[in-house]
Amino acid sequence: TQLLEQSPQFLSIQEGENLTVYCNSSSVFSSLQWYRQEPGEGPVLLVTVVTGGEVKKLKRLTFQFGDARKDSSLHITAAQPGDTGLYLCAGEDSGAGSYQLTFGKGTKLSVIP
Amino acid sequence: GAGVSQSPRYKVAKRGQDVALRCDPISGHVSLFWYQQALGQGPEFLTYFQNEAQLDKSGLPSDRFFAERPEGSVSTLKIQRTQQEDSAVYLCASSLPGLTYGYTFGSGTRLTVV
């Protein structure tokens, strides 16, 4: 069973601060995705990373896939209250054959105005 | 439709009751997934359809859980003889083949078994 561990589990910061969320596994993934989920809603895809060492930027969000494709990080610059939510990483094992994703437990981010 | 639609949004069931949860995916999305999300946890895989074929049901926790997608569009997740541990949010997601574009999730059905 592949597991993804996210840290920290909870994060409360002031508006304007920077933060990094980590997603780690002992398993290799074909690709890794980051989602953001708000209360009462389903997760919304932010980014997919496929190549080891890949870096993708989405406005103030920077995503990195580890060289060995076992870990990933999400860095937010100058956090805003609208960034508040549950951030989930999810890994795909193409060997499983069904495109199922293994999700971490998430990082609950609160950005205080 | 524009997004993945799930109904009902909330369901309260008495222990032992059968429930049916509906998912209407994005038109043209051949892949459909069901996930279960317990409080404070990430979603956990239940089952996967490609068109009408159920290709993976390895995540279904017991034989009380059954899913179908008879015409390759709308899907129903049925839970028989519900138990308290079935209380969770049930998420449906659809996608194009492969994972390049990621999943589009519905808002989920929150099931509470009392």
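Every value quoted in this text rests on a predicted model; they were computed, and no experiment measured them. Atoms considered below: every heavy atom in the structure, side chains included; atoms not considered: hydrogens, waters and symmetry mates. To find a chain, count down the sequence lines: A is the first, B the second, and so on, and within it residues start at 1.
In this structure, the portion of B:S58 lying under 4.5 Å from any heavy atom of chain A is its side chain and not its backbone. Proximity to chain B (any heavy atom under 4.5 Å) is shown, for A:Q6, by neither the backbone nor the side chain. Looking at B:R110, there are no atoms closer than 4.5 Å to chain A (heavy atoms on both sides), in backbone or side chain.
One hydrophobic cluster holds both B:L46 and B:V113 under the rule that ILVMFWY side chains link at heavy-atom gaps under 4.5 Å. Hydrophobic clustering (side-chain heavy atoms under 4.5 Å, transitive across Ile, Leu, Val, Met, Phe, Trp, Tyr) keeps B:W34 apart from A:F103. In the hydrophobic clustering of this structure, A:L4 groups with A:L11; members are Ile, Leu, Val, Met, Phe, Trp, Tyr whose side-chain heavy atoms approach within less than 4.5 Å, directly or through other members.
Within the model, atoms CD of B:Q37 and NZ of A:K105 stand 12.5 Å from one another, a figure rounded to the nearest 0.5 Å.
Remark: A:E5 CD is loosely packed, at most 12 non-hydrogen atoms of other residues, nucleotides or ligands lying under 6.0 Å away. By the neighbour-count criterion of 12 heavy atoms within 6.0 Å, atom CD of B:E44 is sparsely surrounded, having that number or fewer from other residues, nucleotides or ligands. By the 6.0 Å contact criterion, CD on B:E85 is enclosed, its count of non-hydrogen atoms from other residues, nucleotides or ligands being greater than 12. More than 12 heavy atoms of other residues, nucleotides or ligands sit less than 6.0 Å from atom CZ of A:R60.
The two residues B:G102 and A:Q33 have their closest heavy-atom pair at CA-NE2, 3.6 Å. The two residues B:L91 and A:G42 have their closest heavy-atom pair at CD2-CA, 4.0 Å.
The candidate from A:G40, A:A90, A:G106 with the greatest count of non-hydrogen atom pairs under 4.5 Å with chain B is A:G40. Ranked by heavy-atom pairs under 4.5 Å with chain A, the first of B:A93, B:C92, B:G42 is B:G42.
The closest side-chain heavy-atom distance from A:Q100 to B:Y35 is below 4.5 Å.
Relative ring orientation between B:Y103 and A:Y35 is described as tilted, the plane-to-plane angle lying within the 30° to 60° band.
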